[in-house]
Amino acid sequence: MTPPVRELVGRDADLVRFAEILGLDAPHGVGVVVSGDAGIGKSSLLARVSADAETAGWGVAWGHCVGQSGSGVAYLPFTELVGRLELLEPEAVEQVVATRPALAVLLPGRREAAAPTSSPGQVAEAVHALLTAVGERSPLLVVLEDAHWADPSSRDLMTLLLTRGFASPVALVVTYRSDDLHRRHPLHETLAVWARIAGVEHVDLQPLGDSAIRDIVVAAGSLAPDDRTTREITRRAEGNPFFAEELAASTVSGQPISGGLSRVLWARVDQLSAPTQEVVRTMAIGGRTISHDLLVRLLDLTEPELEAAVAEAVERHVIETRWPPAYAFRHALLAETTTSDLLPGQRIRLHRAYAGALAADPTLGPPSELARHAAASGDLATAVRAAREAARSDLAVGGPANALQHLEDALGWLPEESEERDEVSLEASDAALTAGDIVRSVQLLRDRIEHPGPAQSPVTRARLLATCANRCRLVDLVFAETALDMTTEAMAIVPAGDSADRLFVVTAHMQQLVDTRQYTEAAALGEEASALAARLDLPGALTEIRTVMSRVIEVHDDLDALERHIDALLADLGDRPDPLRVRIHHQAATMHHRRGRLRQALEAYDKGAALAAELHIDWAPFGLDSRLLGGLTAYEIGDWDGAARRLDVSDPLLPQPGRSFFDAALMAVRVGRGETLNDHEIAAVRDWWHVDGFGIVQLVMPAVEHYGNAGDLARALDIAEDAVGELERTWGRFHAVVRLAALVAGQAAGNAPHLDATLLRRADADLESMTAKVDAIVAEPQRGVREPTSEVIEETNTETWAWDRRLRAELLRLQWRAGQGSPPHPEAMVAAWRESVEAFERYGHPYETARSRARLAAALRAAGDTAAARDEAGLAREVATRLGAAPLLRELDELSAPAATTPDSPDALTPREQEVLELVARGLSNGQVGAQLFISTKTASVHVSRILAKLGASSRTEAAAIAHERRLIR
């Protein structure tokens, strides 16, 4: 409900600014965030803005976040907002509910029309669709007040609405108290996100000037403008209109000005009659607003006595009336002051009365309120039951974060020996997983596993262990090392016989055996699990078992058999909207990727991501991976715009560490285009390295390129060393080291002419270590193959094969450019780079093919084949230009036109002379220059003589100095 419109003083400029931002005369979609101290006039200003909007033909709807009462109810302000819109535009609500049933969860009379459980994404999409639809009929002003009290689900939804904006004329205004915030306040991080949303306006209401405060004081207290009391109130109010009103009203009633505002506010209540004080105290313990029906239940007053008490409180400006019948404090500070003044005994008695009324009639308030009051009055059994009911209600409306809080509250109220803790722990873990907090989901289960109650049954413990093991798979750097132990224990204690509990445990153990490469044992257990699922007539479980078993087929490198197996699984599932299909599409994409079929892989990833979006499980593990890996695959095939579209995610519902994965993956595109990464961006992703190795892999590759391109090889080596160490501790042997070694070698080679001896030795040592790990992977005996061959890895993992070829070529390039020892034979370099080009061409990676061509061109030129070098460089430039790959274009420019002066000048250095000059500046002798460039010592001497003449230098040392001074060399 819109607050009553009061006379505004000193806010004319703010009103004008709001009219401009909202476009009252030219409506458009806009988001506005309004901040200010308590009592500064946010509500009053927006009430006037709302009235002006209604006069201009706008629809207006408010939603209020509420402190204490209702703070734990998911989407509380949006329930109020949607209810108001149902009155304003019932046809629009009907149309949206018909197409997006999740909206019904915000309409108490329609919740039966919603799905049994709605996801946050479904609710968010439905609310956005409703506001858009209403705005298309007539301009709409939406005010969401007091976001500092918003529940987690409402904060996320506010963020999504501000981020997406509106194509129709919808103005969304969100207010919050700035003086309530602190570093650990839940809104603090959200505000940082809001500050970065393009197009969102931010208005910070400032204190009023002294003249405006004096006007308020005169109006409130009928005092002369030059009265000493007026001046004292103006000083104490410090520009806050509510404070000024209260101080003035207190003075008129005979109270002294001295003391803090809380004393002044309490004096207002203390002057009320005894029945009215009882009403105010009872309201205060419940929150800012209370329904008439609940207040009647709580008070031992007759209807006439209650009406008289309410009338007195309204007359004294303590409370205000609402519709439907309810009462609210005129300002939240009045409620807070009254609550803080209550004695402990008064608090307990009032909480007990609330709990009794809410338990007797659940329609009087949400179960979260019953839980709060029951816990505060000491009735923990009732509090636990109500908290679990509140969690179920919040999950039904798509508020898993709220549900998790209720269930964690319940765990805090339950004694450790309570058997109920087992079920509540499982429920809390499920809520955390749904909310995207995988680490918390695992922690909740581990805590109960490690601290079981005396009555914990073997079946329950086995289920806790198996569930925890399944979730450990999603965060492989935190708990994965214990997952197999968990399922082994679960297998030992779960009762024998045909039961769904045993099938669940057996399937979880089979998955762990697969993850730990115990494929023979997994295959045997898979047969047992399949037979059990068949006997129990559980086709869904059987399909899941077959999906896990596809990994056993894959590791035997029989990719043809794997493809047939996946096709059969998809055929069995048909077009049913089954989440398991997302996982199978993901497996199909992985199989295609291994075979170098990148476009087919992208198609399968996109299918998985689209199905996940359809099922509103976009950020569930396989849905998230499908979109993420689809973006990376688009990058590989050279569709960088498509990659950015998939990887640039603004959805506030995407949790961590998933968001860091996308941020890191997008860095590959950004670095490829020559964008600079900020240290804080890299640090933000590194903060999640302890959770999942995938984030390490995604960050380290672009970070090495970023630091190397900037000429900071030391930092490139630092992050590469850290990444290898972390991944070895977690994954053991990992294929990503092949690509990482190739990138590090490439950056070392590119920077070699400018490295000091110490850093060059460090790069050599690091690469020697990584290359040994690569050799172990490439030469690993393939399953079913007695003798390993390069053809096997070429067929079974084309990506690894291509990067291995690249690594070998880069190592030769590093040896050549470092100028240490005997340089490689030019034909060997040319051959190595041709293999790299051919490998990436076969893999289907245009960018890395082009980079390999650029370096092949350099090798060809060094070997004296300038015509072939120009051809290769031209092909590389075509790709680099299409992709906008600025670093590669610079590399090609340096390769093709390294002239020291203007090209037409007789003193211009030839490309070969430029190369010789760079080596001379590094202190190489004529013989070393000749060996480095594959020319004779005599020819090198001739080049040096010509360079000295063109530069006007008398010695090699002077030539080097002139070259540095004129910036002829890097």
Side-chain angles (χ1 to χ4, degrees), residues 2-3 6 8-22 30-50 52-53 60-67 71 76-78 81 141-152 154-163 165 170-209 212-213 216 237-245 261 288 329-336 652:
T2 305
R6 301 189 181 95
L8 279 181
V9 176
R11 293 295 184 195
D12 291 345
D14 294 313
L15 280 172
V16 170
R17 185 181 178 195
F18 258 98
E20 293 174 350
I21 292 173
L22 301 184
V30 66
V32 189
V33 177
V34 181
S35 59
D37 291 350
I40 205 69
K42 298 182 295 296
S43 298
S44 299
L45 175 64
L46 288 170
R48 174 63 181 276
V49 170
S50 296
D52 292 345
V60 177
W62 284 54
H64 297 81
C65 305
V66 182
S71 61
L76 180 67
F78 290 97
L81 171 66
L141 171 62
V142 174
V143 180
L144 298 173
E145 196 172 29
D146 295 328
H148 53 281
W149 285 324
D151 62 274
S154 293
R155 283 197 302 273
D156 288 344
L157 181 46
M158 291 176 194
T159 303
L160 183 140
L161 295 176
L162 288 170
T163 301
V170 176
L172 175 63
V173 180
V174 180
T175 77
Y176 70 92
R177 261 198 214 168
S178 52
D179 56 334
D180 258 17
L181 297 189
H182 50 81
R183 186 175 60 84
R184 298 181 63 85
H185 193 285
L187 186 63
H188 186 76
E189 290 187 6
T190 304
L191 289 175
V193 176
W194 291 356
R196 296 193 297 269
I197 300 175
V200 172
E201 298 282 348
H202 296 266
V203 177
D204 183 24
L205 286 191
Q206 298 298 312
L208 297 178
I213 293 297
I216 291 173
E238 296 182 340
N240 190 298
F242 177 72
F243 294 0
E245 290 176 6
L261 181 68
R288 186 175 176 181
F329 281 93
R330 179 171 172 266
H331 197 282
L333 289 173
L334 280 163
E336 294 166 16

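As a basis for the values below, the full set of heavy atoms in this structure was taken, side chains included, without hydrogen atoms, waters or symmetry mates. Please read these numbers as outputs of a predicted model, since none were measured by experiment.
- Closest of all the heavy-atom pairs between Gly239 and Ile213 is C-CD1, 3.7 Å.
- Using a 4.5 Å cut-off on side-chain heavy atoms (C-beta onward), Val33 and Leu162 make contact.
- We find the OG-CH2 distance between Ser154 and Trp149 to be 14.5 Å, quoted to the nearest 0.5 Å.
- The distance from the SG atom of Cys65 to the CZ atom of Arg155 is 9.5 Å, given to the nearest 0.5 Å.
- Summarising the geometry, atom CG belonging to Leu187 is positioned 7.0 Å from atom OH belonging to Tyr176; distances are rounded to the nearest 0.5 Å.
- Taking CG of Leu144 as the reference point, atom CE of Met158 lies at 5.0 Å (rounded to 0.5 Å).
- The backbone N or O of Ala38 lies less than 3.5 Å from a partner atom in the side chain of Asn240, making a donor-acceptor pair.
- Here Thr175 pairs with nothing under the side chain to side chain donor-acceptor pair (under 3.5 Å) rule; sequence neighbours left out.
- For the residue pair Ala147 and Val174, the shortest heavy atom distance occurs at CB-CG1, 3.7 Å.
- Here Asp37 pairs with nothing under the salt bridge (charged side-chain N to carboxylate O under 4.0 Å, His left out) rule; sequence neighbours left out.
- The side chain to side chain donor-acceptor pair (under 3.5 Å) test applied to Glu201 returns no partner, not counting sequence neighbours.
- Legend: salt bridge (Lys or Arg N to Asp or Glu O under 4.0 Å) pairs involving residues 8-17, not counting sequence neighbours, sorted by first then second residue: Arg11-Asp14.
- Checking side-chain atoms of Lys42 against main-chain N and O of Leu205 turns up no donor-acceptor pair under 3.5 Å.
- Residues Val143 and Ser50 approach most closely at CG2-OG, 4.3 Å, considering heavy atoms.
- Side-chain contact between Asp52 and Phe18 is absent, with no heavy atoms from C-beta onward closer than 4.5 Å.
- Here side-chain hydrogen bond (donor to acceptor under 3.5 Å, both in side chains) pairs that include residues 185-196, with residues two or more places apart or in two chains, are Thr159-Trp194.
- Of the inter-residue distances, the one linking His64 atom NE2 with Leu81 atom CG reads 11.0 Å to the nearest 0.5 angstrom.
- For Ala212, the side-chain contact (heavy atoms from CB on, under 4.5 Å) partners at least two apart in sequence or on another chain are Val9, Leu208.
- A side-chain contact (heavy atoms from CB on, under 4.5 Å) with Val173 is found for one member of Val203, Val30, Leu22 and no other, namely Leu22.
- Note: Phe242 CZ to Ser44 OG = 10.0 Å, rounded to the nearest 0.5 Å.
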